[in-house]
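A short worksheet on the structure shown next.
Atom set for the values below is all heavy atoms of this structure, side chains included, hydrogens, waters and symmetry mates excluded. We name chains A, B, ... by the order of the sequence lines, and we start the count at 1 in each one. Nothing here was measured: the structure is a model prediction, and the numbers come from that model.
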There are 2 protein chains.
Amino acid sequence: MDTRHMRFFMALAETLHFGRAAERMNMSQPPFSRQIAMIERTLGVKLFERNSRNVALTPAGKHFMEDCRNVLGQFEDACRDVRLVASGMKGELRFGFMMHAAHSVVPELVQLYAKARPDVRLVLDERTPTEIDEMLVAGTLDAAVTFDCGYAPHLQTVLLARERLRIIMREDHPLATVGQIYPEKLREEKVIAAPAATAPALRSAINSYFSAKGIVPHVVLEPRLQHTIIQLVAKGLGVALIPVSLCTGMGTGLISRTLTDAPQLDVVLRAPMTTKNPAVSAFMEIGKSIQRTSL
Amino acid sequence: MDTRHMRFFMALAETLHFGRAAERMNMSQPPFSRQIAMIERTLGVKLFERNSRNVALTPAGKHFMEDCRNVLGQFEDACRDVRLVASGMKGELRFGFMMHAAHSVVPELVQLYAKARPDVRLVLDERTPTEIDEMLVAGTLDAAVTFDCGYAPHLQTVLLARERLRIIMREDHPLATVGQIYPEKLREEKVIAAPAATAPALRSAINSYFSAKGIVPHVVLEPRLQHTIIQLVAKGLGVALIPVSLCTGMGTGLISRTLTDAPQLDVVLRAPMTTKNPAVSAFMEIGKSIQRTSL
DNA sequence: TCCATCTGATACCCTGAAAGCATTGATCGT
DNA sequence: ACGATCAATGCTTTCAGGGTATCAGATGGA
């Protein structure tokens, strides 16, 4: 038994006429009759009640007809869908992003892609930049939004946005009255920043910002999660330098201020250069279109 | 493409080794390789990433694997189920019965059959005896419980029960005080009975009962439904002769009395002699087993 | 009642899809 | 560098399955 036999069966079940069913199958009646006989023999079931004048379905045949319709439908769907997956119109895309981008480019990117490729299941995975890099090379992620850390041999990169850092602090902090803050003001401040092992590009930008002025920042806490940093600032444990897009909606009690010569970081969309997932290319293209609008 | 190709694909997708997959398909490796290549060519989709050392699924292949598993499963199920339907273990059985039997043999018959053949969908259809006879010959019903009306050329018959008729009346009826009633007492009574066109066997039994004593019953109302007869008796419009099994649970206000030399009717299970539905035979067998216990 | 006609089953032949065997070519570990 | 492993390719052979011709049973009209 095979789907070809099921199609033979369906042709006869629908026409109830060997000649016309054979014609529909683009063959002559004798081999068609043989095929029907073969189907009944291999199944061991009489599917048609027939004489030289009439053809009718048996109850078993009627039941089989429903099942065949389903099987053939699913079969066609499977063959169609595999093409769609290969073309990137369908499938799955595991997309990683860092919290620092969650409020800026990620929502737009996800929304545009979901609209362009509604049959691709987007698996979102919020990670730290270092985790993202590891998962991209390991192939656990298909694409990710992260800070540009420069060296990336096997990765293709699309620049999405260039974000300046701002400083955040409690609104009762002594510096809260100052409009714009320059590094020298922060010489004595307690700074909260993600560790270099977690967000190398961000931490190195912060470090460079201070060291350019000959200052060694007083980093008192190094939480791995951006979320935690903001919470610690809110508790008055120090100040922090975070991307401008994260400064809105931090909750009450916190304010942000502009930094003189504020460090800026490139937010990029990355994917393995030799990705196997055909859904990625359209994702990168949408990244490029976002880049045009946001830069 | 065909299910055979899907099985080839699945063998390779599961083993990721051409030699072992070919072995599983009971063939040598070269033709197997060719089949895989053919599948990819006809689908126009690369399903495996392979070199002379490693075989791996592409994303499209991974997706196709899931679909193939479903399709092949449904395919096997369809082939298995058609055999079950042909053997009468699965399918549908349209079962008609008259209200006069709804309280006696029908519940037991249905219950026993549903237990013996849980995968056969029993379509119950309550009808008048005449409708049942018509539907049996027309093939609209597979089997039915009705009164034995004697002549039934193309039908097979199983005697299920022999029911005596009792007389029912309002409890405030003058005859209510009498313990056992003989026909002469009913000479002047208004009788309610189903018309001969609706329930020939029942009506003829009632008529014979009276005419044997030279009485012409005074039939004032001829409702087609048993339900209606009982309601009319309850309203005091007359008395009625009904099977003993219907005398329980008529509702308050009604009583039943034994009739002297009460007429008796055969309740039979019937099916077309040359039925196509394989589910019928077990149904008739269960009918026979009920017969043994109830007679 | 007989014949024309329709329809499914059978007989026979032939083609080509697909299997087997032998071999090649590429890759990896020693 | 060499052998082992494994997928791909070339060549031959076979049989599943298609085509044509024909038979056989049923139906309906003359």
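- Counting only residues at least two apart or on different chains, the ring pair (Phe, Tyr, Trp, His ring centres under 6.0 Å) pairs with a member in residues 113-145 of chain A are A/Y113-A/F283.
- Atom CE of B/M27 is separated from atom P of C/dC21 by 12 Å (rounded to the nearest Å).
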Counting primed atoms, P, OP1 and OP2 as sugar-phosphate and everything else as base, the B/S/- map of nucleotides 21-30 of chain D against protein heavy atoms under 4.0 Å is B---BBS---

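- Of the two residues contacting DNA chain D, namely B/V55 and A/N26, the nearest-nucleotide position lying further toward the 5' end is that of B/V55.
- For DNA chain D, the residues of residues 2-17 of chain B within the heavy-atom distance limit of 4.0 Å (strictly under) are B/H17, sorted by number.
- Between the side chain of B/T58 and the backbone N or O of B/K46 there is at least one donor-acceptor pair closer than 3.5 Å.
- Of the candidates A/D125, A/D142, A/T140, A/R94 forms a side-chain hydrogen bond (donor to acceptor under 3.5 Å, both in side chains) with just one, namely A/D142.
- Residues of residues 31-42 of chain B having a heavy atom closer than 4.0 Å to DNA chain D, listed by number: B/S33, B/R34.
- For the pair A/H63/B/K90, a side-chain contact is recorded, criterion being any heavy-atom separation below 4.5 Å from C-beta on.
- Pairs engaging residues 50-59 of chain A under the salt bridge (charged side-chain N to carboxylate O under 4.0 Å, His left out) rule: A/E40-A/R50 [sequence neighbours left out].
- We find that CZ of A/R20 is positioned 8 Å from P of C/dG8, with the value rounded to whole Å.
- Other residues, nucleotides and ligands contribute only 12 or fewer heavy atoms inside 6.0 Å of the CD atom of B/Q111.
- Aromatic ring orientation, B/F32 versus B/F8: perpendicular (interplanar angle above 60°, classes split at 30° and 60°).
- The phosphate of D/dG19 (OP1 or OP2) has a side-chain N or O of A/S28 nearer than 4.0 angstrom.
- For A/Q156 (side chain) and A/P272 (main-chain N/O), a donor-acceptor pair under 3.5 Å exists by modelled atom type.
- Separating the CZ atom of B/R50 from the C1' atom of C/dG25 is a distance of 15 Å, rounded to the nearest angstrom.
- Side chain of A/R224 to backbone of A/P195: no donor-acceptor contact under 3.5 angstrom is found.
- Not counting sequence neighbours, the partners of B/F9 by the ring-ring contact (aromatic ring centres under 6.0 Å, His included) test are B/F48, B/F64.
- Other residues, nucleotides and ligands contribute more than 12 heavy atoms inside 6.0 Å of the CD atom of A/Q29.
- Rounded to whole Å, the distance from CZ on B/F48 to P on D/dA8 is 11 Å.
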